[in-house]
Amino acid sequence: MKKLTTVDLFAGAGGLSHGFEQTGRFDVKVAVEINKYARETYLKNHKNIKLMYDDIKKIDYSRICKELGEIDVVIGGPPCQGFSNANRQRNELISGNNQLVREYIEAIKNLRPKAFVMENVKTMASEKHKFFYSENDLEEISCLGIEPMLERFIIGQTTTLLNDIITLHIEKKELSPFILPNQITSRFNTLLRVATNEKRMLEYFQKNKSYYTGLLNKWESFNKYCINKTHADIWEEIKGLMEQCLLKEKYPNELIIKIRLILETQKVLLKLQELRKYNVKVYSLDVLNSNVMVEVKTYNVFDYTMKKLESLGYIVNSGILNAAHFGVPQFRERLFVIGIQKEHLKSNSVLLPCPILKNKNEYYSIFEAIGDIEYLNPSTDMSNSSINKKNMGFNNPLQHYLNDIDCLSNHIMTNSSKTALNRFEKIKQGDNFHSLEDEYKSTYTDPTRTQNTIYLRLKYNSPSGTVMNVRKSMWIHPIKNRAISIREAARLQSFPDSFIFKGTKDGQYQQIGNAVPPLLGRAVGEKVLELLGFQPIEQLHNVIKRKLT
């Protein structure tokens, strides 16, 4: 039986690939994944891979076509990051992640598959996801019928050096000579974080005395980064104030003010340099309410993506799919874009898969996903590779699907602190950090800013919320006073027990949180087969639909 030669871009641990391969009709031969541990996991579970790349920018498309011939399908989820003016602390104005969407499109252009699937965050289609218009885009954007919009963005806060920076910008002077090394700005940012009180600040200086003494000894060398004499004078003031801190004299509030001035100056310089790097035209540079603003042109990432893929000869459609509708014990909404070459489309139109489980009574619960292994205590030791499990007689299709092997691997959990364990005991199913008494929140500087997903105790009788890195979120088992294990998180994502995760503990939790749930991927794979005129070995409907009693 013919299998479709498939390429997986931004493959992660391989959830989307695994789902497609479950249909029995896709053969993934090439994968691209930059994360080392995710690559290890991918290769562990996908034995037929011929080529594995770590960087999509290094793909040799001619080699792929020469070794594999015609590529039938390309799948993958390029990272896409939204922009918000509220987030002024971000290091980049132009997200490098958004540029990876272009790399995905470039792969489609070079490989010319019969079909493609692009998976992404559901907000990709929102106004937050944008490209910054550059002069290099002029011809392409015009051909696609896209009209860029003028927008203003905050790139920093005004300082006494702003007029000098504006002069450098207007005169198109090189900015890199005035940008401090990352090591210095990193140390300065640390100083701001510890500057909450005098004692903490002075203790920090004493702990790092050798570093700052060495820094002060070569202070004159930093003059080369100064824009002018005013800038150099500020540097000299900072030096004197640091010397006071090292001598344990009175905590100088003025030091923090001067360091903030330097860091804000750096922030503006970095943003302007970044705009130059991407050839983004700046229409104005001014100040509004103490914020430094630039006016540039932007256009929507999703609008561009859809029009560009259509221009390559594909019939394209997109929509939001909820994993719970396809047997995953989790509410997880993701955007999917499916494209089929016109000459290969065996249907009147390109549609996304319809829900298999259509109402709340049909959804699978957390209990149905992990209740059968609650008697197995997870280890915190990564060397404990696998343990035998017994059949608990859980008679539902999801359990039959998950229990495809007699041993349980990756049943490992984070080693929780005593403070965390005390919190676990006080939180009921469905509650989170905010339900704790104030005495249990004292380690947080501002408990009110804690997200509702932190210290969440799962509810056995419902699907979970969106699984992210549950180790960082400190998700709690529904009835045990412990963290959710790697395997339990994997089951919530619909990875069967035979799927083995590799890498560090945090790396495995992160891989699971980043993954496309295989059952969701399988549903999309079945729809692609249908659109191309093929059938899966077995329909997902028959695998996951509850049996009538």
Side-chain angles (χ1 to χ4, degrees), residues 7-21 28 31-46 49 52-56 75-82 95-101 103-104 117-124 129 320-324 326 328-337 369 410 412-414 451 453-454 456 464-475 483-496 499-522 524:
V7 174
D8 190 350
L9 310 173
F10 310 99
L16 190 57
S17 282
H18 196 56
F20 268 64
E21 289 183 337
V28 184
V32 183
E33 175 51 46
I34 200 165
N35 181 274
K36 172 186 174 182
Y37 298 126
R39 282 200 310 275
E40 288 180 18
T41 296
Y42 193 98
L43 292 172
K44 174 71 177 177
N45 296 281
H46 299 87
I49 286 292
M52 186 86 193
Y53 292 93
D54 63 355
D55 188 345
I56 194 168
I75 62 177
C80 188
Q81 187 171 338
S95 171
N97 280 349
N98 287 356
Q99 306 309 311
L100 295 177
V101 175
E103 295 294 340
Y104 180 94
V117 171
M118 186 174 76
E119 176 268 350
N120 223 292
V121 293
K122 68 176 184 177
T123 57
M124 181 188 180
H129 296 267
I320 306 296
L321 297 179
N322 190 329
F326 302 98
V328 183
Q330 173 192 171
F331 293 117
R332 187 187 192 95
E333 291 185 323
R334 300 290 285 188
L335 171 72
F336 281 84
V337 179
N410 305 113
I412 309 293
M413 66 177 180
T414 188
Q451 295 180 350
T453 54
I454 301 297
L456 173 67
S464 80
T466 301
V467 174
M468 307 295 281
N469 184 329
V470 300
R471 184 189 191 191
K472 290 180 179 178
S473 297
M474 303 293 287
W475 276 17
I484 289 291
S485 75
I486 292 167
R487 177 52 58 190
E488 288 164 336
R491 281 187 169 202
L492 296 180
Q493 279 277 61
S494 77
F495 281 99
F499 196 99
I500 309 302
F501 293 88
K502 306 295 287 184
T504 64
K505 190 182 295 185
D506 190 64
Q508 292 180 32
Y509 276 112
Q510 191 66 56
Q511 290 169 47
I512 292 166
N514 290 344
V516 176
L519 286 180
L520 177 57
R522 179 171 177 167
V524 175

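Just so it is clear, the model here is predicted, and its values are computed rather than measured. Just the heavy atoms: all of them, side chains too, but no hydrogens, waters or symmetry mates, feed the values below. Quick note: residue numbers are just sequence positions, from 1.
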Have Asn514 and Gln510 got a donor and an acceptor in their side chains that come within less than 3.5 Å? yes
Side chain to side chain contact (heavy atoms under 4.5 Å, CB included) involving Ala515 - partner list, sequence neighbours excluded: Gln493, Phe495
Please tell me if the side chains of Lys472 and Tyr509 come closer than 4.5 Å, counting only heavy atoms from C-beta onward. no
Nearest 0.5 Å please: distance from the CD atom of Gln508 over to the CD1 atom of Ile486. 4.0 Å
Any donor-acceptor pair under 3.5 Å linking the side chain of Trp475 with the backbone of Asn469? no
Residue pair His18 / Pro496: nearest heavy atoms and the distance that separates them: NE2-CG, 3.6 Å
Closest approach of Tyr42 to Gly12 (non-hydrogen atoms, all atoms of both residues): CD1-O, 3.8 Å
Just how far is it from atom OG of Ser473 to atom CD1 of Ile454, taken to the nearest 0.5 Å? 4.5 Å
If we ignore hydrogens and angles and just use 3.5 Å, is the side chain of Thr41 paired with the main-chain N or O of Lys502 as donor and acceptor? yes
Evaluate the criterion side-chain contact (heavy atoms from CB on, under 4.5 Å) for residue pair His129 and Val121; output intermediate values, then yes/no. CA-CA 10 Å; His129 296 267; Val121 293; 4.1 Å; yes
With a 3.5 Å distance limit and no angle check, can you tell me whether Glu333 reaches the backbone of Asn322 through a side-chain donor-acceptor pair? no
Is it true that a side-chain atom of Arg491 and a backbone atom of Ala369 form a donor plus acceptor pair closer than 3.5 Å? yes
From Ser464 atom OG to Leu492 atom CG, the distance as rounded to the nearest 0.5 Å: 4.5 Å
For the residue pair Phe336 and Leu520, what are the closest heavy atoms and their distance? CE1-CD2, 3.8 Å
Between Val524 and Phe20, is there a side-chain heavy-atom distance shorter than 4.5 Å? yes
So which atom in Val516 and which in Gly521 form the shortest heavy-atom distance, rounded to 0.1 Å? CG1-N, 4.2 Å
Between the side chain of Gln330 and the main-chain N/O of Val467, is any donor-acceptor distance below 3.5 Å? yes
Give the intermediate values and the outcome of side-chain contact (heavy atoms from CB on, under 4.5 Å) for residues Val337 and Met124. CA-CA 11 Å; Val337 179; Met124 181 188 180; 5.8 Å; no
What I'd like to find out is whether the side chain of Pro78 reaches to under 4.5 Å of the side chain of Leu9, using heavy atoms alone. no
Nearest heavy-atom pair of Ala489 and Val470: which atoms, and what distance? CB-CG2, 3.9 Å
Is there a donor-acceptor contact under 3.5 Å from the side chain of Ser494 to the main chain of Leu519? yes
Which atom pair, heavy atoms only, marks the closest approach of Arg39 to Tyr53? CD-O, 4.2 Å
From Asp506 atom CG to Tyr37 atom OH, the distance as rounded to the nearest 0.5 Å: 10.0 Å
Verify the neighbour count for atom CE of Met52: are there more than 12 heavy atoms of other residues, nucleotides or ligands below 6.0 Å? yes
Can you establish whether the number of heavy atoms outside Lys505 located under 6.0 Å from its atom NZ is more than 12? yes
What residues form a salt bridge (Lys or Arg N to Asp or Glu O under 4.0 Å) with Glu119, not counting sequence neighbours? Arg334
Mind checking what makes side chain to side chain contact (heavy atoms under 4.5 Å, CB included) contact with Ile34, not counting sequence neighbours? none
Determine yes or no for a side-chain-to-main-chain donor-acceptor pair under 3.5 angstrom, with Thr466 supplying the side chain and Phe331 the backbone. yes
Looking at Asn410 and Ile500, would you say the former's side chain and the latter's main chain have a donor-acceptor pair under 3.5 Å? no
Roughly how far apart are Leu456 CG and Ile484 CD1, rounded to 0.5 Å? 9.0 Å
Angle between ring planes, Phe10 versus Tyr104, binned at 30° and 60°: parallel, tilted or perpendicular? parallel
To the nearest 0.5 Å, what is the distance between SG on Cys80 and CE on Met118? 7.5 Å
